[in-house]
2 protein chains.
Amino acid sequence: MKLGTKGRYAVMALVDLAYYGQGKPLALTEIAQRQSLPISYLEQLFLKLRQKGFVASTRGHLGGYTLAREAEAIRISEILEAIGEPIETTRCDKSSSTGCLGTNAKCLTHTLWAGLGAQMHQYLHGISLADVCERRVV
Amino acid sequence: MKLGTKGRYAVMALVDLAYYGQGKPLALTEIAQRQSLPISYLEQLFLKLRQKGFVASTRGHLGGYTLAREAEAIRISEILEAIGEPIETTRCDKSSSTGCLGTNAKCLTHTLWAGLGAQMHQYLHGISLADVCERRVV
DNA sequence: GAATTCCCGACTAAATTAGTCAAGTATGAA
DNA sequence: TTCATACTTGACTAATTTAGTCGGGAATTC
């Protein structure tokens, strides 16, 4: 049960962008250097983040990325989902009527895992980019 | 951020053992069949569970495994740790004084991930095998 | 027109996962 | 005793995922 670099880097970079970029575009190279992240990897991540509407890009000299939404309105859970690092605690919830629903003894654990997932999602949904920047995280 | 089969299977098997085995040894083949789990994989897991003192084994005919502790006293978090599926949300907490502690702007996200890990651990520590068996999980 | 920066797809080495397989040891029942 | 059952253990492996790299292109500004 570990958090991969994709999700970690994406959040680090967006926090950096919210923290240091005040309306003005920040170049990816700058973010990458400050956070010690591989730039070509970051490019991949920001491609998705732009397509999903989290950031906007400016090309050319003095270009870079800006937040497309208010930092207060971006939840950590959204970022992880957008980047392709979803929270998967169960395996049998393929929305088919067949398969376990935690109703029989065989799948007593279903509700356990579902509860864990809900717990995680609730936590990450309750925290915004702005919260992280302003150290309002417990 | 996904839960692997190791942790899932281990908990499923222990719940089965607590649920169906009333003091008497349950053979691994029986558990494996009921839960549709690969038996040779379960063997690996029970090796660790025995070494860590969660189950006791009886060899030979009519042998099998029994819980070595009360089902009320076994926390889900312990099982995951014993089996080698720990909760890892951070990467820079190698207990060295060097490295990030969430104190500088570079690692603003540290407390975020640490908080997530704490949240997960708290949830899984608050639930025992007996809770799962008796459907006391929210 | 040159430098900078984003854009995008293809590729890959290494690690992890999710097991299998084979050979043994201990025990109880017939 | 002998046989079937069941745990014990280590070695091995195919497939997937992770964590990136690489190369070329397109837009923008100085």
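Only a predicted model underlies this, so the values are computations on that prediction, with no experimental measurement involved. First the proteins, then the strands, lettered A, B, ... as listed; each starts at 1.
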Note: B:E72 and B:R75 closest approach over all heavy atoms is O-NH2, 4.2 Å
Between B:C133 and B:V15, which heavy-atom pair has the shortest distance, and what is it?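 Where B:C133 meets B:V15 most closely, the heavy atoms are SG-O, 3.7 Å.
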>> Just N and O in the side chain of A:S57: are any of them under 4.0 Å from OP1 or OP2 of C:dC7?
In response: yes
Between B:R50 and D:dT8, does any side-chain N or O lie under 4.0 Å from OP1 or OP2?
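It does, given that an N or O in the side chain of B:R50 lies less than 4.0 Å from OP1 or OP2 of D:dT8.
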Checklist line | Qualifying side-chain hydrogen bond (donor to acceptor under 3.5 Å, both in side chains) pairs with a residue from residues 7-16 of chain A, counting only residues at least two apart or across chains | finding: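 Every pair satisfying side-chain hydrogen bond (donor to acceptor under 3.5 Å, both in side chains) with a residue in residues 7-16 of chain A: A:D16-A:R34, A:D16-A:Q35.
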- Task: Output yes when a side-chain donor or acceptor of B:S128 lies under 3.5 Å from a complementary backbone atom of B:D131, and no otherwise.
- Result: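 Here the side-chain-to-backbone pair exists.
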key: Check: A:E85 side chain, A:G4 main-chain N or O, donor-acceptor pair, under 3.5 Å   = yes
Calculate the interatomic distance between [X] atom [atom1] and [N] atom [atom2]; express it in whole Å.
X     : N      : atom1 : atom2 : value
B:L37 : C:dG19 : CG    : P     : 9 Å
B:L42 : D:dA6  : CG    : C1'   : 14 Å
B:L45 : D:dT9  : CG    : P     : 14 Å
A:E30 : C:dT5  : CD    : P     : 9 Å
A:F54 : C:dC6  : CZ    : C1'   : 19 Å
A:F46 : C:dC7  : CZ    : P     : 11 Å
A:L47 : C:dT5  : CG    : P     : 19 Å
A:K24 : D:dT29 : NZ    : P     : 13 Å

Which atom pairs link the protein and nucleotides 17-24 of chain D when you take only N or O atoms and keep those under 3.5 Å?
from   : atom 1 : to    : atom 2 : distance (Å)
D:dA19 : OP1    : B:R91 : NH2    : 2.9
D:dA19 : OP2    : A:T5  : N      : 3.0
D:dA19 : OP2    : A:T5  : OG1    : 3.0
D:dA19 : O5'    : A:T5  : OG1    : 3.2
D:dG20 : OP2    : A:Y9  : OH     : 2.9
D:dG20 : N7     : A:Q44 : NE2    : 3.3
D:dT21 : OP2    : A:S40 : OG     : 3.0
D:dT21 : O4     : A:Q44 : NE2    : 2.8

**Asked** Would you say the side chain of B:L26 lies within less than 4.5 Å of the side chain of B:T66, judging by non-hydrogen atoms?
**Response** no
**Report entry** A:E70, CD: over 12 other non-hydrogen atoms inside 6.0 angstrom
**Finding:**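 For A:E70, atom CD is not crowded (no more than 12 foreign heavy atoms under 6.0 Å).
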Neighbour count above 12 (heavy atom, 6.0 Å) for B:E81 CD: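 12 or below, so no.
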Pairwise N/O distances under 3.5 Å, protein to nucleotides 25-30 of chain C:
from   : atom 1 : to    : atom 2 : distance (Å)
C:dT25 : O2     : B:R59 : NH2    : 2.8
C:dA26 : O4'    : B:R59 : NE     : 3.0
C:dA26 : O4'    : B:R59 : NH2    : 3.1
C:dT27 : O2     : B:H61 : N      : 3.2

Is B:R69 close enough and on-axis enough to B:F54, meaning under 6.0 Å and within 45°, for cation-pi?
-> yes
